[in-house]
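These numbers come from the heavy atoms of this one structure, side chains and all, not from hydrogens, waters or symmetry mates.
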Amino acid sequence: QVQLVESGGGSVQAGGSLGLSCAASGYTYRTYGTYCMGWFRQAPGKERVGIAVITVGGGNTYYADFVKGRFTISHDNVKNTVDLRMNSLKPEDTAMYYCAAVPGACISYNEAWRRVERYPYWGQGTQVTVSS
């Protein structure tokens with residue numbers, strides 16, 4: 001059984017930084033091979049959108065344009081977590097942030113990595129609030 005558990009998040013003023021972490025249990029590179037894991041977010045009344053993903057076991061990373069240069073995704077091999085470092089936060093970054101995973105490498109063609117329906121495994125979400 002694959003489980004994803006997010007931690008981190010919280011409230012911060014605009015310009016500040018936060019870190020998110022997603023722990024994957026029942027799902028490791030050594031057991032299942034390469035997989036794509038990353039972060040999505042959903043603001044009230046809006047669709048869930050992809051932010052950043054990483055191919056665990058491959059290292060490729062992909063980012064949405066609106067977070068490039070501000071957010072950094074990484075994988076911790078020891079803890080088996082995927083972490084998102086968020087800098088220069090803006091009020092429009094306020095949303096519920098979700099961790100997701102899918103077997104296989106992340107796909108950049110036609111930004112397939114951003115398609116919510118491709119991911120069978122999801123965490124419960126963690127709130128990020130940025131005040132102006």
What closest approach, in Å, do [X] and [Y] show between heavy atoms, and which atom pair accounts for it?
X      : Y      : value
Ser17  : Ser88  : OG-N, 4.3 Å
Val130 : Gln13  : CG1-C, 4.0 Å
Ala14  : Pro91  : CB-CD, 4.1 Å
Leu4   : Ala24  : CD2-CB, 3.8 Å
Ser21  : Asp83  : OG-OD1, 2.7 Å
Pro103 : Pro120 : CD-CG, 4.3 Å

Taking the side chain from [X] and the backbone from [Y], do they hold a donor-acceptor pair closer than 3.5 Å?
X      : Y      : value
Thr72  : Arg85  : no
Glu6   : Gln124 : yes
Asp76  : Thr81  : no
Thr61  : Ile54  : no
Thr126 : Gly8   : yes

Under 4.5 Å between side-chain heavy atoms, hopping through other hydrophobics if needed: is there a path connecting [X] to [Y]?
X     : Y      : result
Met96 : Val49  : no
Leu84 : Leu89  : yes
Tyr35 : Val2   : yes
Val12 : Val128 : yes
Phe66 : Leu20  : yes

Point to revise | Residues in salt bridge (Lys or Arg N to Asp or Glu O under 4.0 Å) contact with Arg114, at least two apart in sequence or another chain | key: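 Per chain and number, Arg114 pairs via salt bridge (Lys or Arg N to Asp or Glu O under 4.0 Å) with Glu111.
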If you measure from [atom1] on [X] to [atom2] on [Y], what distance do you get to the nearest 0.5 Å?
X     : Y      : atom1 : atom2 : result
His75 : Cys22  : NE2   : SG    : 9.5 Å
Arg70 : Tyr63  : CZ    : OH    : 12.5 Å
Ile51 : Tyr97  : CD1   : OH    : 4.5 Å
Phe71 : Arg41  : CZ    : CZ    : 5.5 Å
Asn60 : Ile107 : CG    : CD1   : 11.5 Å

Point to revise | Min side-chain heavy-atom separation Val67-Met86 under 4.5 Å | key: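 They are not in side-chain contact.
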Practice item. Indicate yes or no: does Asp93 engage Lys90 in a salt bridge with an N to O separation below 4.0 Å. Key: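 Salt bridge flag = no for Lys90 with Asp93.
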Exercise for review: Under the side chain to side chain contact (heavy atoms under 4.5 Å, CB included) rule, what do Trp39 and Cys99 come out as? Steps first, then yes or no, please.
Suggested key: CA-CA 5 Å; Trp39 293 91; Cys99 179; 4.2 Å; yes
Practice item. Step by step, work out the side chain to side chain contact (heavy atoms under 4.5 Å, CB included) result for Tyr119 and Val53. Key: CA-CA 11 Å; Tyr119 294 81; Val53 294; 3.7 Å; yes
Review point. Parallel, tilted or perpendicular: which fits the ring planes of Trp113 and Tyr62, with parallel below 30° and perpendicular above 60°?
Key: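 Geometry flag for Tyr62 against Trp113: parallel rings.
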